[in-house]
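Any value given below was found using the heavy atoms of this structure, including those in side chains, with hydrogens, waters and symmetry copies removed. Not measured: the values here are computed from a predicted model.
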Amino acid sequence: MADGAGPRSEPTTAEELMRSRFAAFKRSDAAWLLRTWHPSTRPDGLDLGDNRRWRGLQIVDVAGGGADADSGVVEFRATYLQDGGELGILHERSRFVREDGRWYYVDGDLVG
């Protein structure tokens with residue numbers, strides 16, 4: 001995954017896409033987030049002005065989503081700093097699909 005300064009290679013698995021989207025949230029890179037969001041669920045735009053201060057990503061489980069798959073689920077925990085410096089956790093099971101050789105985030109369910 002590139003750092004945003006040059007061309008970015010396409011993720012080859014659902015997990016790689018999840019990791020690249022987390023990094024994009026950390027950088028407030030709305031363009032990458034929208035580009036990798038499936039058109040059927042993609043919002044018209046993203047306002048990341050109040051974006052959380054994302055700290056870390058833990059992959060909990062991966063079902064499918066390999067280099068030869070067409071769909072997959074990635075369960076993750078993402079940590080962030082809340083106002084006041086307390087640590088918050090976003091725990092989600094995200095669904096991904098691959099179409100025309102590209103992976104897309106579809107949607108997710110919060111866990112817990």
Side-chain angles (χ1 to χ4, degrees):
M1 178 180 71
D3 64 4
R8 180 173 302 161
S9 61
E10 289 294 326
T12 59
T13 67
E15 182 179 345
E16 284 179 13
L17 179 57
M18 177 65 246
R19 291 180 183 281
S20 78
R21 287 177 57 84
F22 175 77
F25 271 108
K26 282 185 77 169
R27 292 189 311 271
S28 295
D29 184 353
W32 180 252
L33 294 167
L34 291 169
R35 182 181 181 283
T36 58
W37 209 314
H38 194 269
S40 67
T41 57
R42 179 188 309 141
D44 292 333
L46 288 177
D47 179 5
L48 297 177
D50 290 333
N51 194 17
R52 293 176 171 163
R53 293 177 291 165
W54 296 102
R55 308 301 292 171
L57 177 68
Q58 174 191 17
I59 302 299
V60 176
D61 187 35
V62 177
D68 295 327
D70 291 327
S71 65
V73 174
V74 178
E75 182 177 344
F76 69 92
R77 288 188 190 105
T79 56
Y80 59 93
L81 290 179
Q82 301 181 64
D83 293 336
E86 292 184 40
L87 192 65
I89 299 174
L90 172 67
H91 188 176
E92 181 179 303
R93 285 186 62 83
S94 297
R95 285 178 283 283
F96 297 86
V97 295
R98 187 171 66 169
E99 294 179 354
D100 298 324
R102 283 187 49 208
W103 281 100
Y104 294 93
Y105 168 78
V106 177
D107 60 16
D109 295 317
L110 295 178
V111 177

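- Connection of Trp37 to Phe22 is established within a shared hydrophobic cluster, with ILVMFWY side chains joined at heavy-atom distances below 4.5 Å, either directly or through further cluster members.
- Under the ring-ring contact (aromatic ring centres under 6.0 Å, His included) criterion, His91 pairs with no residue, sequence neighbours left out.
- Of the possible donor and acceptor atoms, none in the side chain of Arg77 sits under 3.5 Å from a partner among the backbone N and O of Gln58.
- The same ILVMFWY cluster, assembled from side-chain heavy atoms under 4.5 Å apart, contains both Leu110 and Val74.
- Tracing side-chain contacts under 4.5 Å through hydrophobic residues (I, L, V, M, F, W, Y), one never reaches Leu34 starting from Val97; they form parts of separate clusters.
- Linking Ile, Leu, Val, Met, Phe, Trp and Tyr residues whenever their side-chain heavy atoms come within less than 4.5 Å places Ile59 and Phe25 in a single cluster.
- In this structure, Glu86 places its CD atom where only 12 or fewer heavy-atom neighbours from other residues, nucleotides or ligands lie under 6.0 Å away.
- Annotation: ring pair (Phe, Tyr, Trp, His ring centres under 6.0 Å) contacts involving residues 57-87, sequence neighbours excluded, comprise Trp54-Tyr80.
- We find the CE-CG distance between Met18 and Leu57 to be 5.5 Å, quoted to the nearest 0.5 Å.
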Full working for side chain to side chain donor-acceptor pair (under 3.5 Å) between Glu92 and Ser94: CA-CA 6 Å; Glu92 181 179 303; Ser94 297; 2.6 Å; yes
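- Residues passing the salt bridge (charged side-chain N to carboxylate O under 4.0 Å, His left out) test with Asp50: none are found, sequence neighbours excluded.
- When all heavy atoms of Tyr105 and Thr41 are compared, the pair lying nearest together is O-OG1, 4.2 Å.
- The CZ atom of Arg53 sits 12.5 Å away from atom NZ of Lys26, with the distance rounded to the nearest 0.5 Å.
- Sorted by first then second residue, the salt bridge (Lys or Arg N to Asp or Glu O under 4.0 Å) pairs that include residues 97-112, not counting sequence neighbours, are Glu10-Arg102, Asp70-Arg98, Arg95-Asp107, Arg95-Asp109.
- Minimum interatomic distance between Trp103 and Pro11 (heavy atoms only, all atoms of both residues): CD1-O, 3.5 Å.
- The shortest non-hydrogen separation linking Ser20 to Trp32 is OG-NE1, 3.0 Å.
- Clustering of Ile, Leu, Val, Met, Phe, Trp and Tyr side chains at separations under 4.5 Å places Leu87 together with Leu81.
- The main-chain N or O of Ala67 is never found under 3.5 Å from a side-chain atom of Thr12 such that the two would form a donor-acceptor pair.
- Once rounded to the nearest 0.5 Å, the distance linking CZ of Arg42 with CG of Leu33 reads 11.5 Å.
- To the nearest 0.5 Å, atoms CZ (Arg52) and OG1 (Thr79) are separated by 11.5 Å.
- Within the structure, every pair that satisfies the salt bridge (Lys or Arg N to Asp or Glu O under 4.0 Å) test and touches residues 55-68, not counting sequence neighbours, is listed here: Asp61-Arg93.
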